[in-house]
Amino acid sequence: MGQLDRVVEKILGSAGNVEMVYELGDLLRKEGLVKSFGDYSGGLCVYAVDSGFTVPPIEIAGGYVWIIQVAEVIMGNSCGGPPRIKAYVEHHPDRDLAGVEAKVYERKALLRALEAKKKGELSFDIAIVDGEVLTRYGEEVEAEASGDALEIMRKATEYTVKALDIAHETGTPVVGVLKRSYSGDIKFSHGFFDLGLNDRTIASIILNHGEYLILGTYVDLEKRITQQLREKFRDEAPHPRASARARWIEKILNSYRQHANRVKVVFYKPMLSTVKLAVKTEIAETSDWSVEKVVSALSKITGNTGFPTPLDYVDTLASVRQDLKRLVYELVYSKLYQRNKEL
């Protein structure tokens with residue numbers, strides 16, 4: 001047995017009986033949550049946006065300085081054009097908030113594109129963002145954050161809500177593609193608390209090519225996980241990770257309220273046979289763009305990475321290059337040195 005085989009066996013062994021995964025899959029199919037999607041044959045024009053930022057930030061005596069780069073593109077068989085790339089330099093006196101602020105600029109770009117579509121200045125069918133649609137931040141971040149930091153977090157939510165409203169008005173589905181996801185919503189919402197695999201691994205095993213799984217909205221998930229916890233742990237301490245997950249989802253619901261009902265958690269496995277892993281998404285569908293139609297379109301534009309090609313493109317463009325970081329670093333210290341000489 002090779003080293004890779006041993007790793008796989010170890011993972012499956014720590015996860016409990018692998019048959020448990022298939023048992024869960026059978027349950028999901030019986031509930032009608034697993035469905036097939038057809039091969040998308042229509043024209044397609046996609047707007048994609050992503051942001052990148054410096055990790056770690058530039059540390060100076062007066063706090064942190066970071067660079068944020070936002071990339072946008074419109075691609076498709078009926079549209080195209082050069083990408084739009086914009087960089088920002090930001091500062092905070094005591095916290096590294098690059099990731100949060102990057103999300104603000106990214107959502108501002110999404111909102112601007114949807115407003116332009118509403119005015120007839122831009123034309124595209126689907127909007128794709130890298131990561132979740134419903135922004136969220138850990139409890140530990142919110143607990144320690146200063147007032148201005150919390151304001152930045154609220155802005156990300158505010159821009160997302162406005163974008164969802166205009167997307168709804170213009171009939172534009174908004175899709176968040178979560179490339180890295182370690183959640184356990186599939187197993188927790190169905191009472192498989194002892195299954196030691198994350199959602200993406202479970203979905204990859206259960207789904208065949210050309211299939212998708214709709215878990216529902218976060219409103220649905222919070223109810224199901226809470227119900228399963230009550231049923232399984234009536235006379236004992238509740239499952240810690242599942243309980244933490246339910247509380248975490250509740251924070252999303254508190255932030256987005258009725259808008260949380262517009263976004264569904266969906267896994268799909270593209271038609272491309274070389275892609276072995278399922279893709280986790282958050283989808284705000286419209287009357288003309290059902291979940292099935294959206295995942296069919298996403299599968300059509302999937303590349304060898306397993307993700308939609310326009311998203312891979314902006315992901316590359318949004319990466320902050322070392323020469324830009326070095327230039328900003330030198331400029332910051334040059335300005336600080338000059339100001340120090342003037343004092």
Side-chain angles (χ1 to χ4, degrees), residues 34-52 70-85 106-107 109-110 112-114 116-117 122-133 163-164 167 170-181 199-200 203-204 207-214 263-319:
V34 176
K35 301 177 182 179
S36 299
F37 61 84
D39 190 11
Y40 184 80
S41 58
L44 185 64
C45 189
V46 175
Y47 166 85
V49 60
D50 191 15
S51 59
V70 179
E72 304 169 80
V73 72
I74 292 179
M75 295 176 65
N77 51 15
S78 59
C79 61
R84 172 188 170 95
I85 306 170
E106 181 186 300
R107 295 309 157 95
L110 172 65
R112 185 171 56 241
L114 287 164
K117 178 180 178 178
L122 287 178
S123 178
F124 53 89
D125 301 307
I126 300 176
I128 304 178
V129 299
D130 189 356
E132 70 281 352
V133 171
L164 286 172
T170 57
T172 310
V174 178
V175 180
V177 177
L178 291 86
K179 294 181 177 179
R180 292 164 293 279
S181 176
D199 279 341
R200 194 178 181 202
S204 299
L207 296 178
N208 299 313
H209 292 286
E211 289 187 334
Y212 66 103
L213 160 65
I214 302 180
V263 180
K264 294 179 179 177
V265 179
V266 181
F267 294 83
Y268 72 95
K269 186 176 280 188
M271 291 279 198
L272 193 62
S273 60
T274 55
V275 176
K276 304 302 181 185
L277 295 177
V279 181
K280 181 180 181 180
T281 62
E282 291 182 2
I283 299 176
E285 61 185 334
T286 67
S287 57
D288 292 331
W289 283 89
S290 65
V291 167
E292 180 181 350
K293 186 177 179 181
V294 170
V295 295
S296 176
L298 294 176
S299 176
K300 188 73 173 180
I301 58 174
T302 293
N304 290 329
T305 63
F307 302 111
T309 298
L311 189 60
D312 282 336
Y313 184 45
V314 289
D315 183 34
T316 302
L317 295 176
S319 177

Taking side-chain hydrogen bond (donor to acceptor under 3.5 Å, both in side chains) as the test, write out the residues that go with E292, two or more places apart.
none
Not counting sequence neighbours, which residues clear salt bridge (Lys or Arg N to Asp or Glu O under 4.0 Å) with D199? List them please.
none
Listing, residues 268-278 side-chain donor-acceptor contacts under 3.5 Å, not counting sequence neighbours, or none:
from	atom 1	to	atom 2	distance (Å)
K269	NZ	S204	O	2.6
K269	NZ	L207	O	2.8
K276	NZ	S273	O	3.0

Not counting sequence neighbours, which residues clear side-chain hydrogen bond (donor to acceptor under 3.5 Å, both in side chains) with T309? List them please.
none
Among pairs that include at least one residue of residues 73-82, which meet salt bridge (Lys or Arg N to Asp or Glu O under 4.0 Å), considering only residues two or more places apart or in two chains?
none
Is a salt bridge present between E285 and K264, judged by a nitrogen-to-oxygen distance below 4.0 Å?
yes
Listed by chain and number, what are the side-chain hydrogen bond (donor to acceptor under 3.5 Å, both in side chains) partners of S299, not counting sequence neighbours?
none
Go through the structure and list residues passing side-chain hydrogen bond (donor to acceptor under 3.5 Å, both in side chains) with K300, not counting sequence neighbours.
none
Listed partners of D288 passing salt bridge (Lys or Arg N to Asp or Glu O under 4.0 Å), at least two apart:
none
Tell me, please, which residues at least two apart from A71 pass side-chain contact (heavy atoms from CB on, under 4.5 Å).
I85, V314, L317, A318
Salt bridge (Lys or Arg N to Asp or Glu O under 4.0 Å) involving K293 - partner list, sequence neighbours excluded:
none
Ignoring hydrogens and angles, write down the donor-acceptor pairs under 3.5 Å from the side chains of residues 36-50, residues two or more places apart or on other chains.
from	atom 1	to	atom 2	distance (Å)
Y40	OH	G43	O	2.8
Y47	OH	E72	OE1	2.7
Y47	OH	A109	O	3.4

Results of salt bridge (Lys or Arg N to Asp or Glu O under 4.0 Å) for K179 - residues two or more places apart only:
D312, D315
